Amino acid sequence: MDGKAPPLFLIGTLSLPSTPKSIFFLFLAMSESSTTTTTTAASAPAASAAASAVTDSPAPPQSVTKSWADEADEETAAATTSTAETETSSVKMDGLTIDGNKSNSPKLLDDPDDSNIQAVTSGDTPYTSAATFEDLNLTPELLKGLYVEMKFQKPSKIQAISLPMILSPPHRDLIAQAHNGSGKTTCFVLGMLSRVDPKVQAPQALCICPTRELAIQNTEVLRKMGKYTGISSECAVPMDSRDALPIAKRAPIMAQVVIGTPGTIKKWMSFKKLGATRLRILVFDEADQMLAEDGFKDDSLRIMKEIEKVNSNCQVLLFSATFNDTVKNFVSRTVKKDHNKLFVKKEELSLDAVKQYKVHCPDELSKIEVIKDYIFEIGENVGQTIIFVRTRNSAKMLHKSLVDLGYEVTSIQGALEHEERDKIVKEFRDGLTQVLISTDVLARGFDQQQVNLVINYDLPVKHTTQFTRDPEPDCEVYLHRVGRAGRFGRKGAVFNLICDERDERLMSKIENHFGTLVTEVREKSVEDYKAALKEAGLLL
DNA sequence: AAAAAAT
């Protein structure tokens, strides 16, 4: 691309439903390939070609830890050299240092969207940021859903920028990154709903998600938002044993929107029950995971190919809060060449509204002590809590320990039966349970506004380096876990339980990666934890 | 080999 420093333009100020006073500045880069200059009341055009480059940061060496997670494991000392990805920074950002607003305007704690999004648009289509939902030419039924059902007032920042790109011809593919809890789901759900032709009774929008829970959640959001549109939808996740008619015997899917997990969608397609000829829009939620080598890459590409076979004009949307360099590079080659993209620098990705802490625990057992003696003591009144663990076994064991101690906690992990998973999530959503122990099955996307506290019982570790002497943290997963708190700008706190030098190094690598400071809590007294939660804004 | 999906 170009190596010139593109000029910057201030294109809009917006506010969010839950944060009425917030003001943000959005800078977009403009380059020679387009010269757009329309302006509306509170918005202006998004721009063209320019791009982003992100780099990773390293950190120090070794040690070993014993945890329940490791019990079933074998210690292999095969030292893997840290992943040195061949990153052709085909994209660059020279003059694109868009830190302008940082120094100018003080950050508001409850502002979920206070950082910059880099927009790179293809061709010369001018996009005007949407100041209101009315700007988007939505049907009255859909607008009503937004206002009445969803109780939205105005588009969030990512919505304001991405929706015009999604909705206006020529309906280019879009890769969009935005912060956790900033309203990505609304972007693609609204996109799907508004691109469906109500008169056509066939699948026209397809959304693929990494977990059953996310597919169900997204389906629920779509049904709520689309309540007045009459648009039909189907959730493609494995069904409960009993009332499930074998797919071979089922009638073809007529629903206009299908949201599901890769396996079931593949299955439906291979049984010719899910036709792709009328598809107009294909969405990958948590797209980086859906297209990652150790994720669902094969499934995703397979599905895309199946669609391409019968359909040449299906818009592809890729959404996630994280795109590491490797995935980002691959992903850009997966979609059509003239796609648009929105990216956030990784340093600006961690949520300022969620305060991060680390707690030193001498050993594995003391982690439980910290949880019950301190965090539970004061955490009960600050909302719901999710405790993340690394393995299914950890989930089971920690669950048992806490239940034996008399606490009411539940746990979820992929080995549970579907029904059981659904039940546990429902109980948590209904507020019947206060504390949920989870593997990374819920690390991404799970949206429960009452969750204010996240505990990393185990830090997330990259699987490939897990048994090396100096494992790498999984920074993406870390960010997603943290993002379970602080939904839509709410306040939150994370406690990372650190046990040994290995954990120390993981933690500091995470801090380096995001350029954030994780405050240490001295496990001395309940007062210290109270102070921490006060600082996080969760206690008075 | 983790977790995720699902055969």
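This one's a predicted model, so the numbers in the text were calculated from it and none came from an experiment. All chains are named by letter (A, B, ...) in the order of the sequence lines, taking the proteins before the strands, and each is independently numbered beginning at 1.
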Rounded to the Å, how far apart are [X] [atom1] and [N] [atom2]?
{"X": "A/Ile265", "N": "B/dA6", "atom1": "CD1", "atom2": "P", "answer": "9 Å"}
{"X": "A/Phe296", "N": "B/dA5", "atom1": "CZ", "atom2": "P", "answer": "6 Å"}
{"X": "A/Phe446", "N": "B/dA4", "atom1": "CZ", "atom2": "P", "answer": "14 Å"}
{"X": "A/Asn393", "N": "B/dA1", "atom1": "CG", "atom2": "P", "answer": "16 Å"}
{"X": "A/Ile247", "N": "B/dA5", "atom1": "CD1", "atom2": "P", "answer": "18 Å"}
{"X": "A/Asp458", "N": "B/dA3", "atom1": "CG", "atom2": "P", "answer": "11 Å"}
{"X": "A/Phe467", "N": "B/dA3", "atom1": "CZ", "atom2": "C1'", "answer": "13 Å"}
{"X": "A/Leu214", "N": "B/dA3", "atom1": "CG", "atom2": "C1'", "answer": "14 Å"}

With a 4.0 Å limit, can you tell me whether [X] has a side-chain N or O closer than that to the phosphate oxygens OP1/OP2 of [N]?
{"X": "A/Thr439", "N": "B/dA4", "answer": "yes"}
{"X": "A/Arg212", "N": "B/dA6", "answer": "no"}
{"X": "A/Thr264", "N": "B/dA5", "answer": "no"}
{"X": "A/Lys267", "N": "B/dT7", "answer": "yes"}
{"X": "A/Arg390", "N": "B/dA1", "answer": "no"}

Between A/Gln448 (side chain) and A/Phe428 (backbone), is there a donor-acceptor pair under 3.5 Å?
yes
Taking the side chain of [X] as its heavy atoms from C-beta onward, which of [options] lies nearest to it?
{"X": "A/Thr391", "options": "B/dA5, B/dA3, B/dA1", "value": "B/dA3"}
{"X": "A/Thr261", "options": "B/dA6, B/dA2, B/dA4", "value": "B/dA6"}
{"X": "A/Pro238", "options": "B/dA4, B/dA5, B/dT7", "value": "B/dA5"}
{"X": "A/His463", "options": "B/dA4, B/dA2, B/dA5", "value": "B/dA2"}

If you define the side chain from C-beta out and look only at heavy atoms, does anything of A/Lys267 sit under 4.5 Å from A/Leu274?
no
Looking at side-chain heavy atoms only, is the closest gap between A/Pro238 and A/Thr261 below 4.5 Å?
yes
Can you confirm whether A/Glu293 is buried at CD, in the sense that more than 12 heavy atoms of other residues, nucleotides or ligands lie under 6.0 Å from that atom?
no
I'd like to know if A/Asp440 reaches the base of B/dA2 with its side chain, counting only an N/O donor and acceptor under 3.5 Å.
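Donor-acceptor pair under 3.5 Å: no.
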Under 6.0 Å from the six-membered ring centre of A/Phe323 and within 45° of its axis: does the NZ or CZ of A/Lys341 meet both?
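No, a cation-pi geometry is absent between A/Lys341 and A/Phe323.
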Of A/Asp294 and A/Asp299, the one whose nearest nucleotide on DNA chain B sits closer to the 5' end is A/Asp294
